[in-house]
**Q** 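Dumping the structure here so I can ask a few things about it.
In this chain, residues are counted from 1 in sequence order.
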Amino acid sequence: MRDAVVAGGAASPVLFAETRHAGGAISRRRPEVSFAAREGGRMLELVGLITSPESDTELARRFSETWRRVDSRLAALPGYLNFVEGHEKIQIARQAFDAGTVERLRAVKDRYDPQDVFRRGIPLGGPPLA
């Protein structure tokens, strides 16, 4: 992870790399909790700052290289939804929930947010995630 943040000749757009323990209560499955990915013992969060097209490219390169290096130690689901944004969140959301949970969450979303005011979270509206 150190290489993701400081390696290479160019200034790094990576602000930090953080690993967290994910066992204990977070690893126990409970039907009333919707998120399914609970088998990983640790979580890795990489955060960067994009200030230019070049820093965006460099950030993607560093993140990709870090994920490649730790891939064999990752849980089957490639992320924890609280730690991802944008296209990655949409991708991961497709794997995070079983069909019954998606339908339950969509029903809640339709009932309490029919105008889609809260649309920056997990994408539950529109076409099926699967």
Side-chain angles (χ1 to χ4, degrees):
M1 287 189 295
R2 188 187 86 227
D3 288 348
V5 179
V6 299
S12 176
V14 179
L15 297 177
F16 65 86
E18 177 181 25
T19 182
R20 294 182 182 188
H21 172 53
I26 200 170
S27 67
R28 288 191 289 276
R29 287 186 178 264
R30 294 177 19 225
E32 69 275 13
V33 177
S34 55
F35 191 66
R38 298 179 178 279
E39 70 275 4
R42 302 205 58 82
M43 293 182 287
L44 174 62
E45 178 181 22
L46 299 172
V47 175
L49 180 63
I50 298 172
T51 58
S52 69
E54 296 79 20
S55 67
D56 187 15
T57 301
E58 180 64 12
L59 191 62
R61 184 191 70 74
R62 287 175 186 256
F63 282 6
S64 292
E65 176 61 16
T66 300
W67 292 128
R68 185 191 66 74
R69 293 170 90 179
V70 300
D71 187 52
S72 66
R73 292 174 253 165
L74 296 176
L77 185 66
Y80 189 69
L81 291 175
N82 289 0
F83 291 146
V84 292
E85 295 298 331
H87 72 278
E88 189 178 24
K89 181 171 262 187
I90 293 167
Q91 226 174 8
I92 292 170
R94 293 177 192 277
Q95 303 168 48
F97 306 108
D98 61 45
T101 299
V102 169
E103 290 310 310
R104 180 172 58 85
L105 293 173
R106 281 196 173 145
V108 170
K109 172 80 170 159
D110 290 345
R111 179 175 179 189
Y112 293 103
D113 187 22
Q115 302 300 315
D116 201 26
V117 173
F118 300 101
R119 61 182 161 270
R120 298 284 183 229
I122 300 165
L124 293 170
L129 292 174

**Q** What's the separation between atom CZ in Arg62 and atom OG in Ser55, rounded to the nearest 0.5 Å?
**A**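 Those atoms lie 11.0 Å apart.
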**Q** Nearest 0.5 Å, please: how far is CG in Leu59 from CD in Glu54?
**A**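 These two atoms lie 13.0 Å from each other.
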**Q** Report the C-alpha distance between Leu46 and Phe16 in whole Å, list the side-chain angles of each, state the deciding distance to 0.1 Å, and finish with yes or no for side chain to side chain contact (heavy atoms under 4.5 Å, CB included).
**A** CA-CA 6 Å; Leu46 299 172; Phe16 65 86; over 6 Å; no
**Q** Taking the side chain from Asp110 and the backbone from Pro114, do they hold a donor-acceptor pair closer than 3.5 Å?
**A**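 Not confirmed, Asp110 side chain does not pair with Pro114 backbone.
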**Q** Should Lys109 and Asp116 be marked as a side chain to side chain contact (heavy atoms under 4.5 Å, CB included) after you check the CA-CA gap, both sets of side-chain angles, and the distance that decides it?
**A** CA-CA 8 Å; Lys109 172 80 170 159; Asp116 201 26; 2.9 Å; yes
**Q** Knowing that exactly one of Ser52, Pro13, Pro53 qualifies, which makes a side chain to side chain contact (heavy atoms under 4.5 Å, CB included) with Glu58?
**A**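 Only match with Glu58 under side chain to side chain contact (heavy atoms under 4.5 Å, CB included): Pro13.
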**Q** Under a 4.5 Å side-chain heavy-atom rule over Ile, Leu, Val, Met, Phe, Trp and Tyr, are Phe118 and Val108 clustered together?
**A**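 No; tracing contacts between hydrophobic side chains, which count when under 4.5 Å, never links both residues.
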**Q** Please round to the nearest 0.5 Å and tell me the distance separating atom CG of Leu15 and atom CG of Leu49.
**A**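 With rounding to 0.5 Å, CG (Leu15) is 5.5 Å from CG (Leu49).
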